[in-house]
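Below is one structure; the comments refer to it alone.
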Amino acid sequence: MYCIGAAKSGTSSLAGVLETGFRAAHEPQRAELLDAVMALDTGRLGPSELNRYLCERDHRLRLEFDSSWANYFVMDRLATLFQDAKFIQLIRDCYTWVESVINHLIARTIPSDVQDFLDWWFEPSKFPYKRSDRGLEEIGVYSLDCFVTRWSIHAEGPAQVIPADRLMTIRTPEIPASAQRLADFLGVSVDLIDRTKSHRNKGNTIRPLLGLVDKAYLDDTVARICRDSMNRYFPEVRNSDDTSLAR
């Protein structure tokens with residue numbers, strides 16, 4: 001089983017939910033995996049070599065559940081290499097995800113392997129700051145277009161490469177209430193799902209998103225870039241007023 005949620009979508013919480021009943025780990029050997037992904041992109045590693053690495057890694061770790069945002073970047077290969085594997089996509093609404101990621105970036109010292117990878121993945125040169133991004137630029141994070149675009153790609157990617165019968169999507173706030181649904185998907189007893197560990201690694205909001213960007217700019221950006229995805233996964237969220245940002 002693999003979790004392919006984006007960073008700050010609850011991958012640690014889901015690992016906690018399953019670690020009592022399964023051999024589970026959160027972000028195992030993350031640095032190695034991220035380096036392998038970038039090595040493939042730059043030509044330092046070939047496709048067959050990456051496949052070999054993933055198979056060797058699986059044999060070495062011997063996990064029943066691997067929960068990591070890094071898995072997203074090799075999910076197509078994992079689905080092909082391990083035909084019986086099931087995948088859990090975690091997703092939170094775009095608004096609160098952007099706020100959570102920004103606060104994570106400014107509150108912690110980001111490991112160099114993660115920072116290098118984020119710069120590669122977010123491609124900030126393609127999404128330069130606008131005048132309305134001044135607050136984001138001042139605290140040293142990416143532009144709003146950058147964050148929202150990546151949210152949209154993460155949201156839509158899994159369904160494009162993983163067969164529907166092997167993919168389950170859980171909205172992050174619904175992890176605690178998804179025990180039976182998760183057990184049914186995995187084909188296990190619900191007693192193996194530990195609901196008491198469903199909210200780990202909770203971040204603190206140091207800088208509210210609406211204190212960094214104008215509300216109209218935020219709502220317009222989300223509508224322009226990912227309205228279809230938001231309607232698909234969060235139809236009740238019409239704009240930032242319908243999220244915890246407004247509270």
* Does a side-chain N-to-carboxylate-O contact under 4.0 Å join Lys215 and Asp241? -> yes

* Between the main-chain N or O of Ala70 and the side-chain N or O of Arg30, is there a donor-acceptor pair closer than 3.5 Å? -> no

* Within the side chain of Arg92, is there an N or O that forms a donor-acceptor pair under 3.5 Å with the backbone of Lys8? -> yes

* Asked: Does the side chain of Leu34 reach to within under 4.5 Å of the side chain of Trp69, using non-hydrogen atoms?
  -> yes

* Between Phe122 and Tyr142, does the ring centroid distance fall short of 6.0 Å? -> yes

* Asked: Any donor-acceptor pair under 3.5 Å linking the side chain of Ser143 with the backbone of Cys146?
  -> yes

* To do: Evaluate the criterion side-chain contact (heavy atoms from CB on, under 4.5 Å) for residue pair Thr221 and Phe147; output intermediate values, then yes/no.
  => CA-CA 10 Å; Thr221 301; Phe147 284 112; over 6 Å; no

* **Flag side-chain contact, heavy atom, 4.5 Å: Met168 against Leu186** => no

* Spell out, yes or no, whether Ile106 and Tyr129 are grouped together once hydrophobic residues are joined by side-chain heavy atoms under 4.5 Å, including indirect joins. => no

* Quick one: CD1 on Ile170 to CD1 on Ile91, what's the gap to the nearest 0.5 Å? -> 12.0 Å

* Structure fact -> So ring-ring contact (aromatic ring centres under 6.0 Å, His included) across residues 31-54, not counting sequence neighbours, yields none

* To do: Spell out, as yes or no, whether a donor-acceptor pair under 3.5 Å connects the side chain of Glu123 to the backbone of Trp120.
  => no

* **Smallest separation among heavy atoms of Ala36 and Leu45, with atom names** => O-CD2, 3.8 Å

* Asked: With hydrophobic residues grouped by side-chain heavy-atom distances under 4.5 Å, do Ile102 and Phe127 end up in a single group?
  -> no

* **Side chains of Leu218 and Leu245 in contact at under 4.5 Å (non-hydrogen atoms)** => yes

* Asked: Does Glu99 use its side chain to pair, donor to acceptor, with the backbone of Leu209 at less than 3.5 Å?
  -> yes

* To do: Using a strict 4.0 Å threshold on nitrogen-to-oxygen distance, state whether Arg207 and Glu138 make a salt bridge.
  => no

* How many angstroms lie between atom CZ of Phe185 and atom CD of Gln180, to the nearest 0.5 angstrom? -> 14.5 Å

* To do: With the side chain counted from C-beta on, respond yes when Arg57 and Asp66 share a heavy-atom pair under 4.5 Å apart, and no when they do not.
  => yes

* Exercise: identify the closest heavy-atom pair between Tyr95 and Asp219 -> OH-OD1, 3.1 Å

* **Shortest non-hydrogen contact between Pro47 and Arg77, atoms and distance** => O-NH1, 3.5 Å

* Asked: If you draw a 6.0 Å radius around CZ in Arg238, do more than 12 non-hydrogen atoms from other residues or ligands fall strictly inside?
  -> no

* Using a side-chain heavy atom cutoff under 4.5 Å and only I, L, V, M, F, W and Y, what cluster partners does Leu61 have? -> Leu63

* Evaluate whether atom CZ of Arg134 has more than 12 neighbouring non-hydrogen atoms of other residues, nucleotides or ligands under 6.0 angstrom away. => no

* Give the ring-plane orientation class for His154 versus Tyr72, where under 30° counts as parallel, over 60° as perpendicular and anything between as tilted. => tilted

* What are the two closest non-hydrogen atoms of Pro176 and Pro173, and how far apart are they? -> CD-O, 3.5 Å

* Rounded to the nearest 0.5 Å, how far does CD of Glu174 lie from CG of Leu182? -> 13.0 Å

* Asked: Between Thr11 and Gly5, is there a donor-acceptor pair closer than 3.5 Å when you use the side chain of the first and the backbone of the second?
  -> no

* Check whether any side-chain N or O of Trp97 sits under 3.5 Å from a backbone N or O of Ala7 as a donor-acceptor pair, and report yes or no. => yes

* Asked: When Met230 is tested against each of Asn239, Val237, Val148 for side-chain contact (heavy atoms from CB on, under 4.5 Å), which residue passes?
  -> Val237

* Asked: For Ala155, does its backbone N or O pair with a side-chain atom of Tyr233 as donor and acceptor, under 3.5 Å?
  -> yes

* Apply side-chain contact (heavy atoms from CB on, under 4.5 Å) to Ile88 and Ile4, showing your working. => CA-CA 6 Å; Ile88 301 168; Ile4 49 176; over 6 Å; no

* **Short N-O contact, Asp220 and Arg224, less than 4.0 angstrom** => no

* Nearest atoms (heavy-atom pairs only) where Ile175 meets Ser9 -> CD1-O, 4.5 Å

* Asked: Which pair of non-hydrogen atoms, one from Ala183 and one from Val190, has the smallest distance, and what is that distance?
  -> CB-CA, 3.7 Å

* Treat each ILVMFWY residue as a node, draw an edge where side-chain heavy atoms are under 4.5 Å apart, and state whether Met38 and Val114 are in one component. => yes

* Apply side-chain contact (heavy atoms from CB on, under 4.5 Å) to Val141 and Leu212, showing your working. => CA-CA 11 Å; Val141 298; Leu212 295 168; over 6 Å; no

* Asked: Counting distance only, does the side-chain N/O of Arg150 pair as donor-acceptor with the main-chain N or O of Trp121 below 3.5 Å?
  -> yes

* For Ser68 and Asn71, test the side chains for any donor-to-acceptor distance below 3.5 angstrom and give the result as yes or no. => no

* Hey, could you give me the CD/OG distance between Glu27 and Ser12, rounded to the nearest 0.5 Å? => 8.0 Å

* To do: Ignoring hydrogens and angles, tell me if any N or O in the side chain of Asp133 forms a donor-acceptor pair with the backbone of Leu144 under 3.5 Å.
  => yes

* Do the side chains of Leu33 and Phe73 get nearer than 4.5 Å, heavy atoms only? -> no

* Inter-residue atom distance Leu54.CG - Arg52.CZ, 0.5 Å rounding -> 11.0 Å

* How long is the gap from OG1 on Thr96 to CH2 on Trp151, to the nearest 0.5 Å? -> 9.5 Å

* Asked: Met75 versus Val161: any side-chain heavy-atom pair under 4.5 Å?
  -> yes

* Side chains of Leu18 and Asp194: closer than 4.5 Å at any heavy-atom pair? -> no

* Asked: So does Arg62 have more than 12 non-hydrogen atoms from other groups sitting under 6.0 Å from CZ?
  -> no

* Using a 4.5 Å cut-off on heavy atoms from C-beta on, say whether the side chain of Lys130 contacts that of Asp145. => yes

